[in-house]
Amino acid sequence: MFLLLSFTLRQILLSICVLVSAITIIFCLIYLVPGDPATIALGPRASEAQKVAFRQEMGLDQSLLVQGWHFAGNVLRGDLGTDLLTRQPVLQLVMSALPHTAILALTGLGWAVILGIPLGCLSTIKPNGWLDRLIGLFSTSVIAMPAFLLAIYALIIFSVTLRWLPAMGAGDGGDLGDRLMHLILPALAVGLAWVGYIARLVRASLLETLQENHVRTYRAFGISNFRIALRFALPIAMIPVVAVIGVGLGNLLSGAVLVEVVFARPGLGSLAQDAVVQRNFPVLLGTVVVTTALYVIANFTTDMIAALIDPRIRKES
């Protein structure tokens, strides 16, 4: 119990440090992007006096250090700032867009887990056989392709050429079937690369587990290889997979942002793209901060799950 509590506190402190460091770096990089938010918000015909008044109102006339200090204080209070154009709270905009991105990323992760784990198990039936080589070729191919490129190919093949699935948007909000149809292609594009990652990891982990002494003991008692693999070896082999799924969920969130742009879906991706074009720094920063926080939370959650599954992780930490 003490080891679990110590491990939990250590992971919480590490997650906070990572989050603070990431937000600091992101804040500095975003505010180094060229462009005048006042000119974008007020238009090219605005007078210099109007621009000066706008910068003072939004705090853009202050130094980067002062702006960063104010932003950090506001974040602790749950305030991500105000949209420069609409004057709406950024947190409200981000929270309205977040469910679309979260559903897309989780569905993509579902594709990856449902397809990746069975493929990895099939690869271990006869290592280096034709089926193992075929699955390995497929896994390597999809890993090498970025999510936005898979999205473009999926769009061309299944929407434009075959006309099987809708191409753009998120579907009718009141029609669940239509929304699911609009979700299939984007989710497949987001999660397909991680099918390859999970398949290769399950294969490597399962083959290593099957060589351990306790597995040989099970064989000596006459237990079938299928039951050994499914009942005893696979749960142990899944420990590194659980850890990778946390990293994968964070990467799927970033991949979902790009895929949303390709499929013109609402979400954090579209919100961030519009903010970049409009030099709407508070919205862009709020979007990135929330995405980073979700990434850190996903990794913390999977680390805790892995520690609960395998006590050795708690002792090693």
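Side chains are part of it too, since the values below use all heavy atoms of this structure and drop only hydrogens, waters and symmetry mates.
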Between the OG atom in S96 and the CG atom in L91, the distance rounded to the nearest 0.5 Å is 9.5 Å
Closest non-hydrogen atoms of S123 and D132, given as atom of the first, atom of the second and distance, are CB-OD1, 3.3 Å
Membership question, hydrophobic clusters at under 4.5 Å side-chain separation (ILVMFWY): are I114 and L201 in the same one?
no
query: Does one hydrophobic cluster hold both V20 and I12, with members joined at side-chain heavy-atom distances below 4.5 Å?
result: yes
In terms of heavy-atom contacts, F138 and L119 come closest through CE2-CD1, 4.0 Å
When every non-hydrogen atom of G286 is compared with those of V90, the smallest separation belongs to CA-CG1, 4.0 Å
Check: Can you hop from M95 to V75 via hydrophobic side chains spaced under 4.5 Å?
Finding: yes
Hey, is the main chain of I135 close enough, under 3.5 Å, to the side chain of S139 for a donor-acceptor pair? yes
pair D83-Q92: side-chain heavy atoms closer than 4.5 Å: no
Value for OG1 (T140) from OH (Y197), rounded to nearest 0.5 Å, stands at 10.5 Å
Q.
Can you confirm whether E208 is buried at CD, in the sense that more than 12 heavy atoms of other residues, nucleotides or ligands lie under 6.0 Å from that atom?
A. no
Are the side chains of Q88 and T82 in contact, using a 4.5 Å heavy-atom criterion? no
CG (L284) and CG (L268) are apart, to the nearest 0.5 Å, by 11.5 Å
Which of V290, V288, V289 passes side-chain contact (heavy atoms from CB on, under 4.5 Å) with T292? Answer is V288
Separation between CG (L14) and CG (L9), nearest 0.5 Å, reads 12.5 Å
Within the structure provided, determine whether L294 and L98 are in side-chain contact (heavy-atom separation under 4.5 Å). yes
Distance col, row R265:CZ vs L185:CG, nearest 0.5 angstrom, shows 10.5 Å
Spell out, yes or no, whether W194 and L137 are grouped together once hydrophobic residues are joined by side-chain heavy atoms under 4.5 Å, including indirect joins.
-> no
Original post:
If two hydrophobic side chains count as joined below 4.5 Å and joins carry through other members, does I103 share a cluster with V113?
Top reply: yes
Heavy atoms of A97 and L271 approach each other most closely as CB-CD2, 4.3 Å
Exercise. May I ask you to test the I198-I117 pair for a side-chain heavy-atom distance under 4.5 Å?
Key: yes
So CD1 of I184 and OG1 of T107: to nearest 0.5 Å the spacing works out to 10.5 Å
